[in-house]
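So you know, we letter chains A, B, ... as the sequences are listed, proteins then strands, and number each from 1.
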Amino acid sequence: MPQMGVSVAEGTVAEWRKQPGDRVEADEPICVISTDKIDTDVPAPASGVLVEILVPEGETVDVGTVLARIEVEGSEALGVGRWALEDGTDAKPNGGKRYSPVVARMAAQHDLDLEAIKGTGRQGRVTKKDVLAFLEHADEAPMHIESPYRPEPEPQSPTPKAQSPKPGALSRMRRSIGEHMKRSLETAATCTTWIEADMSRIEAGREQLGLTALPLVARCAIAALREHPQLNAWLEGEAYTVHDAVHLGIAVSLGDEGLIVPVIHDAQELSAEGLGRRIKDAAKRARSGELRPDEVRGGTFTITNPGQYGSIMATPVINQPQVAILDLEAVVKRPVVIDDAIAIRPMTIFGLSWDHRALDGVLAAQFLASLRRHVEAWDGG
Amino acid sequence: MATETARSDATGHLTRDDRVGLLRYMLLMRGIEERAMTLYRQGKVPGSFYDGFGQEAVSAGAAFAMGPKDRLCVLHRDLAAHLVRGVTPTRILGQYMGRAGGVTGGRDGNVHFGDWQLGCVGMVSMLPDMMLVATGMAMAFKLRHEQRCALTWFGDGSTSRGDFHEAMNWAGVQKLPVIFVLENNQFAYSTPLEAQFAVDPVHRAESYGFPGWSVDGNDVEAVFEATREARERALAGEGPTLIACETMRMHGHAAHDDMKYVDKERLEEWRRKDPIERQERVLEGLGVDVAAVRAEVAAAIEAGVEEALAMPMPDGATATAGVFCEGEANVLGDGQAPWSGVS
Amino acid sequence: MPTMTYLQAISDGLREEMRDDERVFCMGEDIGVFGGAFKVTDGFIDEFGPDRVMDTPLAESGIVGTAVGAAVVGLRPVCEMQFSDFISCGFDQLVNVAGKMHYRQGLAVPITVRLPTGGGFSGGPFHSQNPEAWFMHSPGIKIVAPATPEDAKGLLISAIRDPNPVLFCEHKHLYRRIKGDVEAGAYATPMRARVARDGDDLVVITYGAMVHTALEATEELEGVRVLDLRSLVPLDEEAILDSVRACAKVVVVDEANELCAAGAQVAALIAERGFEDLDGPVVRVATPNVPIPFSPPLEQAVLPSVDRVKEACVELLAY
């Protein structure tokens, strides 16, 4: 029985327009309710077959009473008169994916997010072998910091006991990084703009290619930079140089040692796979200290990607003399509104720190919008 | 070999004590079965109940002729055979009531038992199957050149089944020391002889190569004598014998059967030929205190009932044990052989 | 170590036991003077005499029933059914007399029944059956089914020494086609499964002639284990579940008719107790529920072929 008004507590079923066994379409009038002498058609909440009338014509019942049951194809009968959607009993907890018993067991044992594991079985099924392979590489340090978010593996060594404070000093690398960061913040008029993006296609694409999201997003960023070349530039004092080629810097964490930004020169010529390979290689050599000097110079745009730990936004520091830096954080499944209905999508927030000396917020926003457009339209390109 | 009709020839091979013994075993059988029928009607005996009322001579007489090393397949109206071999009334009554101390420990019911330690094989419900088992035992005796025989009982109904033929044929062609005792009690459940066979089985033995003897199944000493002779034949290497004992099933097929299909006059005729009454008259003629024998038997049965009623039921947790033999295979043991003339 | 055919190994095992134990004797149709329809007991009557290599009347119920009698008075009969198919004529004696005797009466029945079993050579409906499932279902009967000459000898000896009724399923189609090394002298093989070929990606579980079919079918596939059950009762549940744990994918092959075959019991066991180790459905490859036809294209169409088994493995590996 619907509430036809704030103060209405009950209603009378004046007439049933459908009988048990009748097919009824959503929004089609199914019965007539009478309240305070006003008659109203009640539209059916869903399409299906009317299976049972619980309140006959002429009877008065409280608001909220179930009036009838409709059998909707593929799910339990919905009650007419109860407007709130009951729980979606047909929604699978893992979004429709099936995991075999052994895979489910191993995931539980090792506290794994199966979504994060690429499946090599039929139709992309995650197999036992896939899980084993994943576990084998689980304790390797990630080649570069990746999204989407997944739980951090347990630390290998026990945390040391708290000790009384000892005077110490920052390492040379740490000091060098610190100076660079400080100088950047002192020099540039650093602002940060963010945009949300739906990463569904990126997720699908990266699975297909066997890559992380980073190289795909990099590819999109490069496309967006082509559309907004002003962000692919240097500002040294007064000198402002827009570059044609995109020499893409990728921030690589060296753990306690700090971070380093190897540069992939002419990244605009690489496909996502190519970028993936180069990024992986650069990160590996960065960690083993094998980068050559020219590999850390000449970058025109930088991407930083610390999303593995679950953080969603940041205010990255621009890598001098560049004018912008793009931050990729965690990809998190959220409920979003699509066509006025709620759907679950893997979402992320792209952050762009930019130098207000060289450009305005509008341009930053436009760049991000382009990036988002490319990301949400990813089709393997 | 033509059919012969054996008569009572007791004075040749039975002492006075033997003859009393024969009565005693028949009385024990009837007494236990009557007592068990009461227990059955009191709900203390689960399942069905079968007896051999009026046929006691067939099992008592035949079993009495057996030696300790002979082996028996005992069927459901042959309770006296178990008693002759040495199974006590207590264990029999415990067996009927499904007690842990019954012969099968509750594993099988009513007369489906055989104390292997006393040389008896417990029957299956597919009765004539046992004819082949007896034949097989006899086959082993012959292979090992042993002076012993096997004996099995079976009924008129059994003769219609294939195993009857296979056993008779096998025993005949291999000339085995086996004695086939046919208890022709006129009915197989409700089926009379005229619906069971065209030719009386006693005549068929010849076609298998050995003699068939007709015996008055209600004359315990005649049954004894025929079996004794058959045993001699067997031990002498002359092969099998079919002893067809003519008798009457005085009660229904089982306790639930009211026997409406049997002519009352016929029953009365056979009642007058009751084997126990007959032997009692013979013994009274010899000056035996029959009443004393009856009393002793009744006392033994009562004592058995008391002991059996005190036995616990088996533990359900043991129901799945014993499907397979785990250690060394056991073999049939020797039974009691109360006949004074046993060789 | 001598090399023998599967058939020779059976003869060898039987001969060893007959020499070792005077209680052991053979009984069956045409086994004495003729040496047996398949010549398993060829020459035996000369060594052991007609009493111990007995030509019986044509009576399967008689063979099994008299064997029971002989066994309960201390002999060790080894019965031969000329074809396993004919055991149906001795069904009652086997299932009701032999199988139930120990449980009911505490009396052991140490008989062995040799069953020349299986098809693949145009034997037709009555000479090609695999009747073991009928008897797996009957309490009190053990069943073994060797695939190799070595196991044929060892399992026959185990069967003869076992104090219980044991059915020995000797596959006719393996008699002369399979050769192998067989240890000289007497040895008893335990009634448990063995790994015919190791592997970790998928296990094919089967027995009898199908072991060879499975080995051939998976020769070129990597990582496929073949588990030879060897014994159906008792069924080596531990070995089955171990293989499921290691391989996660299972194909069960039956030459017998699919409905309620031994493989169905294996599949049920795995579904219940190996569920959490499964990375795919338990796949069965079996003969459909038809009498085994005579004409070669018909017979080949129903018996599990190398190709059918291979296809099932390939599909499941990719799952």
Side-chain angles (χ1 to χ4, degrees), chain B residues 69 71 73 103-105 107-108 112-117 119-126 128-144 146 148 150 152 161-163 165-167 169-174 176 178 320-332, chain C residues 22-23 25 27 49-52 54-77 79 89-111 138-142 161-166 191 233-234:
Chain B
K69 295 204 168 299
R71 299 292 179 250
C73 291
V103 181
T104 69
R107 295 303 183 83
D108 210 338
H112 290 73
F113 72 90
D115 189 334
W116 62 269
Q117 290 177 94
C120 297
V121 185
M123 69 182 219
V124 297
S125 296
M126 301 80 185
D129 285 17
M130 305 319 290
M131 293 180 71
L132 281 168
V133 178
T135 303
M137 296 197 285
M139 178 173 76
F141 300 156
K142 180 164 183 184
L143 290 174
R144 291 193 301 218
E146 293 172 334
R148 50 206 288 221
T152 186
R161 264 202 52 212
D163 279 8
H165 160 74
E166 292 195 26
N169 181 59
W170 193 299
V173 74
Q174 291 196 0
L176 297 176
V178 61
T320 54
V323 173
F324 290 111
C325 173
E326 299 295 343
E328 281 302 304
N330 50 345
V331 294
L332 294 172
Chain C
E22 61 178 7
R23 301 173 301 173
F25 74 105
M27 46 188 302
D51 279 358
R52 292 184 73 196
M54 184 188 291
D55 277 325
T56 66
L58 204 163
E60 284 78 15
S61 188
I63 291 169
V64 180
T66 57
V68 174
V72 300
V73 296
L75 292 182
R76 291 289 171 119
C79 310
C89 301
F91 188 94
D92 188 30
Q93 290 285 347
L94 183 56
V95 166
N96 288 315
V97 184
K100 296 182 172 69
M101 190 64 78
H102 189 266
Y103 182 83
R104 299 185 309 125
Q105 310 289 339
L107 180 61
V109 180
I111 64 171
S138 306
I141 300 171
K142 293 190 180 181
R161 294 181 183 177
D162 198 298
N164 295 286
V166 183
M191 295 181 182
V233 179

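Heavy atoms closer than 4.5 Å to chain B are found in the backbone of C:Ile141, but not in its side chain. Only the side chain of C:Val233 comes within contact range of chain B, with heavy atoms under 4.5 Å apart. Residue contact with chain C, scored on non-hydrogen atoms closer than 4.5 Å, involves the side chain of B:Asp163 exclusively. Neither the backbone nor the side chain of C:Arg52 comes within contact range of chain B; no heavy atom of the residue lies under 4.5 Å from a heavy atom of that chain. Interface remark: C:Ile63 contributes backbone and side-chain atoms alike to the contact with chain B (heavy atom separation under 4.5 Å). Using a 4.5 Å cut-off between heavy atoms, B:Ala321 contacts chain C through its backbone alone, with no side-chain atom that close. Proximity to chain C (any heavy atom under 4.5 Å) is restricted, for B:Asn169, to the side chain, taken from C-beta onward. With a 4.5 angstrom heavy-atom cutoff, B:His165 does not touch chain C via any of its atoms. The part of B:Gln174 that comes within reach of chain C is its side chain, from C-beta onward, which places non-hydrogen atoms under 4.5 angstrom from that chain. Both the backbone and the side chain of C:Asn96 come within contact range of chain B, with heavy atoms under 4.5 Å apart.
Of the inter-residue distances, the one linking C:His102 atom NE2 with B:Asn330 atom CG reads 6.0 Å to the nearest 0.5 angstrom. Residue C:Gln93 holds its CD atom at 8.0 Å from CE of B:Met130, rounded to the nearest 0.5 Å. B:Thr104 contributes atom OG1, which lies 9.5 Å from atom OH of C:Tyr103 (distance to the nearest 0.5 angstrom).
When all heavy atoms of B:Arg144 and C:Gly74 are compared, the closest pair comes out as NH1-C, 3.9 Å. Between C:Pro57 and B:Val173, the shortest heavy-atom distance links the atoms CG-CG1, 3.9 Å. In this structure, B:Val331 and C:Ala71 approach most closely via the heavy-atom pair CG1-O, 4.4 Å. Shown here for C:Gln105 and B:Gly114, the closest heavy-atom pair between the two residues is OE1-N, 3.0 Å. Here the closest non-hydrogen pair linking C:Met101 and B:Gly122 is CE-O, 4.0 Å. Shortest non-hydrogen contact noted between C:Ala70 and B:Met139 is CB-CE, 4.4 Å.
Here the side chains of C:Thr66 and B:Leu132 are in contact, with some heavy-atom distance below 4.5 Å. C:Lys100 is not listed as a side-chain neighbour of B:Val124, based on a closest heavy-atom distance of 4.5 Å or more. In this structure, the side chains of B:Arg161 and C:Asp92 come closer than 4.5 Å at one or more pairs of heavy atoms. A heavy-atom distance below 4.5 Å is not found between the side chains of C:Val72 and B:Arg71. You'll find the side chain of B:Met126 stays beyond 4.5 Å of the side chain of C:Val97, heavy atoms only.
For the options C:Gly106, C:Pro165, C:Pro110, C:Ala67, heavy-atom pairs under 4.5 Å to chain B are most numerous at C:Gly106. Most heavy-atom pairs under 4.5 Å with chain C: of the set B:Asp108, B:Val121, B:Thr135, this distinction falls to B:Asp108. The candidate with the highest count of non-hydrogen atom pairs below 4.5 Å against chain B, out of C:Val68, C:Asp51, C:Thr56, C:Leu107, is C:Leu107.
Taking a 6.0 Å sphere around CD of C:Glu22, one finds it holds 12 or fewer heavy atoms contributed by other residues, nucleotides or ligands.
Using a distance-only test at 3.5 Å, with no hydrogens or angles considered, a donor-acceptor pair links the side chain of C:Arg104 to the main chain of B:Met123.
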